[in-house]
Every structure is written in C-alpha cells, then in structure tokens.
Amino acid sequence: MSSSFTLGWEEWVSLPSLGLPAIKAKVDTGARTSALHASVIEPFGPINKPQVRFLIQPNPDDLSMEFTCSAPVVDRRQVTSSNGEAELRYVIQTELTCGDRTWPVEMTLTNRENMQYRMLFGRTSIADDMVVDPNVSFAQTPLSFDLYKGIPRKKPVKRPLRIALLTREPNNYSSSRLIEAGEARGHVVEAIDTTRCYMKIDATASEVHYDGKVLPRYDAVIPRIGPAITSYGLAVLRQFANSGAYCLNPPIAIAASRDKLLAHQLLSRERINMPVTAFANSPKDTKDLIALVGGAPAVVKLLQSSQGKGVVLAETKKAAESLIDAFRGLEADFLVQQFVEEAAGKDTRCFVVGNKVVAAIQRSAADGDFRSNLHRGGTAAPVRLTKQERDVARRAAQTIGLSVAGVDILRTSEGPKVLEVNSSPGLEGIETATGKDVASLIIQNLEAKVRPLARDLKH
Ligand code: ADP
Ligand code: MG
C-alpha cells in the first residue's frame with residue numbers, strides 16, 4: 001500500500017451510510033475533526049443507544065434539494081469553530097468514500113448557515129498514508145449532484161418524540177400509563193426524577209444536569225410535579241423550557257393552579273363561577289371574613305392544599321374563628337369559602353386535554369366526610385356533563401393556562417361552580433371509572449403541539 005493517495009484542497013466524497021452519494025468537501029488540515037453542516041439536528045432513541053437525525057441540503061446552490069439522515073451518536077464534544085464560537089456538537093461515526101477508498105470517520109454535526117462546503121475534512125479523518133496537496137482541486141474522481149436524482153427528496157418521517165416525564169414516582173399508575181401510551185405511539189419516554197435534576201444557568205446555556213451528566217434536549221416534557229416540591233419542580237421545568245423543550249403544562253400555569261387564591265382571582269376575572277371566597281391578612285378581620293362568605297358553616301382551606309388534606313369544614317362561627325386563629329398561629333396561608341351544602345359531598349372532576357373535556361367522573365365522599373377526593377376514600381362513577389359544565393371546565397383550564405387539567409366543579413342550583421383546577425390530575429380514577437384511554441389522548445395532544453420540524457425550519 002505504498003502508492004500514495006492524494007487529497008486536493010477540495011474533494012468530492014460520498015457518505016454511503018447516510019445515504020448521501022455526493023458531497024463537496026473542503027479539506028482543512030487546520031481542523032481536527034471533520035464536520036458536516038446540517039440543520040434540524042435532533043437527538044432521538046434511548047439514552048444508552050442515542051441517535052441523531054438531521055436535514056442536509058447537499059448542494060449549496062440548490063436548497064430545494066433536502067434529505068433527512070440519521071446516525072448513531074458516538075459522543076458530544078465542545079468544538080470551537082474557525083470564527084471562535086464554542087458549540088456542543090453531536091459526534092457521529094460514518095463511512096466516507098473518496099476515489100476508490102472507503103474508511104470510517106468521525107464527524108461533528110453543526111448548523112452553520114452560508115457554508116459553501118457542506119463538509120469540512122479534518123485531520124483526524126485523513127489516514128497516515130494520505131497526502132494533502134493544497135494546490136490541487138479534486139485529486140480524486142469527481143462526482144456530481146446529479147447522483148441525487150431519483151432519491152426521494154424528503155421522506156416524510158413520522159418522527160418519534162423524545163419525551164421526559166418529570167416525576168418522582170415513575171411506577172405509579174399515572175406515570176406508567178403515560179410511559180405506556182407514549183411508547184405505544186412510537187415515542188421515547190424517559191422518567192426523570194425531578195428532585196435529582198440540577199441546573200446550570202448562564203447567558204448562553206440552559207442545562208439540566210443529572211447524575212453528573214448534562215441531559216439531552218427533549219422535544220417535550222410532561223410535568224408531574226407533586227405539591228410537596230412545587231417550587232423546585234417549577235425551577236427544573238423552567239430550565240427544560242429554556243432548553244427548548246415543549247412543556248405540556250407551562251410552569252407559570254402550574255404555579256397559578258397551585259395557589260388557590262391566585263387561581264380563584266384569575267377565574268373571577270373571566271367571570272367563571274365559584275363558591276364565594278374570602279382572604280385576609282389581619283386577625284382583626286376574622287369575624288368579617290366569615291361573614292363575607294355567608295357565615296357558618298364555612299370551609300377553610302390552606303392555599304396549597306391538595307388531596308383534600310388542607311380542607312376543613314367549620315360547622316359554626318365559633319369553630320370557624322378558632323380554626324382561623326389556629327391557622328394564623330401556624331403562619332399558614334388559607335382562604336375561607338362559602339360551604340356549598342347542596343353539593344352534599346359530591347363533586348365533578350372534568351378532565352381537560354387541549355381544548356376539550358375528554359372524560360368526567362362524579363366523586364362521592366366517603367361516609368362522614370364532605371371532601372370527595374379519591375385520596376380521602378371517595379368513590380368515582382362516570383357522569384354525563386351538561387354543555388354548560390363542559391364550557392366552564394374548558395374555560396377554567398384555559399384561563400389558568402393548562403393544556404391538561406382536572407377541573408373540579410360543584411353542581412349547584414345556580415349552575416356549576418369551579419372549586420379548583422388541578423395541573424397534575426391523576427389518571428387512575430378517571431380511566432378506571434370511564435374506561436377511556438386518557439393517557440393516549442394526552443400524548444396525542446403533545447404530538448400536535450410539538451411539531452419540531454415546523455418550529456426549527458425557520459429558513
Ligand atoms: P384539594 O386541592 O385539597 O383537593 P379542594 O378545594 O379541591 O382541595 O377541596 C377538596 C374537596 O372538598 C372537594 O373535592 C370538595 O368535595 C370539598 N369542598 C371543597 N370546597 C368546598 C366548598 N366550598 N363547598 C363544598 N364542598 C367543598
Ligand atoms: Mg381538589
């Protein structure tokens with residue numbers, strides 16, 4: 001093998017494993033690694049066998065020529081390009097053919113516009129027995145873009161999404177169902193423990209780290225943030241949002257849903273009915289506070305209550321006053337609410353996905369309780385909603401800004417009254433009682449929202 005193999009300063013190459021028959025490359029011995037200029041670079045596949053998909057326009061003079069390629073990712077590497085910009089790039093391994101030789105090369109993927117050469121041929125891709133002659137253009141067999149004729153221009157790929165399920169309970173019913181439904185529709189769903197995520201924030205990076213590694217970019221995040229970790233969970237979610245992932249429910253909407261007072265104020269602004277609600281800061285106003293909601297019996301609720309845990313019924317004025325005193329003593333934030341007695345321990349959970357109520361159940365409290373939460377031993381049965389109830393539920397979810405929500409309403413003689421809008425509604429009760437595949441509807445809603453190609457193809 002002593003016959004030398006010469007590379008000119010530009011060469012035609014082909015990348016058979018990527019399905020690209022002709023690329024004009026610039027040989028650049030000043031660069032270490034070869035680079036391929038591609039756009040819409042998207043990771044996919046499982047974390048232990050990552051792949052990347054990208055678009056390439058092989059002919060810089062004919063941008064209508066466009067192909068989708070995919071390749072296994074061998075590394076991610078910080079690369080500083082000739083213009084001094086540092087960038088974290090995917091590294092792929094692929095076969096390269098030039099003249100009569102074919103050999104494996106590593107290439108980084110980068111999206112730089114206006115590059116006349118779609119490929120930079122770096123030092124590490126040039127074998128020891130090859131010679132570079134900077135005075136020669138095309139030392140090897142020339143190819144032509146005509147070779148692309150007949151290759152389907154663009155395969156309309158039904159792209160799998162890479163979805164992160166933010167949860168501390170990957171095995172509970174709701175998580176399992178979302179993972180199952182996502183995978184059944186061809187996506188990759190990774191359960192990520194919210195509290196194990198940490199982050200790096202600066203002007204250029206929005207990274208989420210986990211176990212010593214930076215997490216890849218996800219197409220979408222499904223937040224299932226428990227009320228015990230709302231604040232930290234929302235910080236993590238914002239970080240995912242900043243990194244370009246679509247959040248099924250946006251952090252700001254989850255924050256609004258977690259604060260009962262804020263939620264009621266937002267609903268009131270949209271003229272959505274609710275039990276009369278009162279809030280005060282000073283103990284001097286306790287008596288008036290109770291009077292505002294029509295006196296006893298009244299409901300006193302912690303602003304951050306969930307699963308009925310912070311919701312108490314005060315049967316008499318005296319009881320209400322001492323309850324309020326006690327909450328104040330504990331420095332707990334609470335609101336006082338008119339007790340809707342006619343609802344008699346029943347409420348209606350409307351499950352909203354997108355702009356539709358996709359399932360509904362009526363929940364009945366266990367004996368002796370007025371709270372119908374399933375976590376409090378309530379029971380669920382499917383229920384038919386009136387048009388008015390559907391409208392109220394849809395509008396309530398929309399007002400808070402949630403695309404997936406459990407809207408709880410009380411049926412009263414004055415029409416439906418919204419009790420709360422839940423941003424991480426459980427799936428078990430609703431799916432079991434109605435037999436509906438709500439998890440799959442959530443995934444379908446996500447698919448419609450993400451549309452990564454449309455978003456990334458700006459030019
Ligand atoms: P949580 O967020 O803890 O579930 P909710 O406001 O949803 O708090 O209240 C829990 C349950 O208590 C409701 O599902 C409902 O059955 C009952 N409840 C709450 N507020 C009222 C009210 N004002 N009148 C009658 N029942 C109520
Ligand atoms: Mg509730």
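Because only heavy atoms are used, hydrogens play no part in the values below, and waters and symmetry mates are left out as well, while side chains stay in. Just so you know, residue 1 is the first one in the sequence shown, and it goes up from there. First listed ligand is number 1; within each ligand, the first listed atom is number 1.
- Taking the charged nitrogens against the carboxylate oxygens, Glu431 and Lys436 have no contact shorter than 4.0 Å, which rules out a salt bridge.
- Judged purely by distance below 3.5 Å, without hydrogens or angles, the side chains of Gln57 and His37 never pair a donor atom with an acceptor atom.
- With ring centers used as reference points, Phe339 lies under 6.0 Å from Phe370.
- Glu420 has its closest N, O or S atom to the Mg ion (ligand 2) at the position named OE2.
- A donor-acceptor contact closer than 3.5 angstrom links the side chains of Asn172 and Ser175.
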Check each N or O atom of ligand 1 against all protein N or O atoms and list the pairs under 3.5 Å, with atom names and distances to 0.1 Å, one per line.
| residue | atom | partner | partner atom | Å |
| --- | --- | --- | --- | --- |
| ligand 1 | 2 (O) | Lys260 | NZ | 2.6 |
| ligand 1 | 2 (O) | Ser305 | O | 3.2 |
| ligand 1 | 2 (O) | Glu420 | OE1 | 3.0 |
| ligand 1 | 2 (O) | Glu420 | OE2 | 2.9 |
| ligand 1 | 3 (O) | Ser305 | OG | 2.5 |
| ligand 1 | 3 (O) | Ser306 | N | 3.3 |
| ligand 1 | 3 (O) | Gln307 | N | 3.4 |
| ligand 1 | 3 (O) | Gly308 | N | 2.6 |
| ligand 1 | 4 (O) | Gly308 | N | 3.4 |
| ligand 1 | 4 (O) | Asn373 | ND2 | 2.8 |
| ligand 1 | 4 (O) | Glu420 | OE2 | 3.1 |
| ligand 1 | 6 (O) | Lys301 | NZ | 2.6 |
| ligand 1 | 7 (O) | Glu420 | OE2 | 2.9 |
| ligand 1 | 8 (O) | Lys260 | NZ | 3.3 |
| ligand 1 | 14 (O) | Asp347 | OD2 | 2.7 |
| ligand 1 | 14 (O) | Ser372 | OG | 3.3 |
| ligand 1 | 16 (O) | Phe370 | O | 3.4 |
| ligand 1 | 16 (O) | Ser372 | N | 3.0 |
| ligand 1 | 16 (O) | Ser372 | OG | 2.8 |
| ligand 1 | 20 (N) | Lys301 | NZ | 3.1 |
| ligand 1 | 23 (N) | Gln337 | OE1 | 3.1 |
| ligand 1 | 23 (N) | Gln338 | O | 2.8 |
| ligand 1 | 24 (N) | Val340 | N | 2.9 |

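- Residue pairs meeting the salt bridge (charged side-chain N to carboxylate O under 4.0 Å, His left out) criterion with at least one member in residues 351-368, sequence neighbours excluded, are Asp347-Arg363, Arg363-Asp408.
- In this structure, Arg77 pairs ionically with Glu106, as a charged nitrogen and a carboxylate oxygen lie closer than 4.0 Å.
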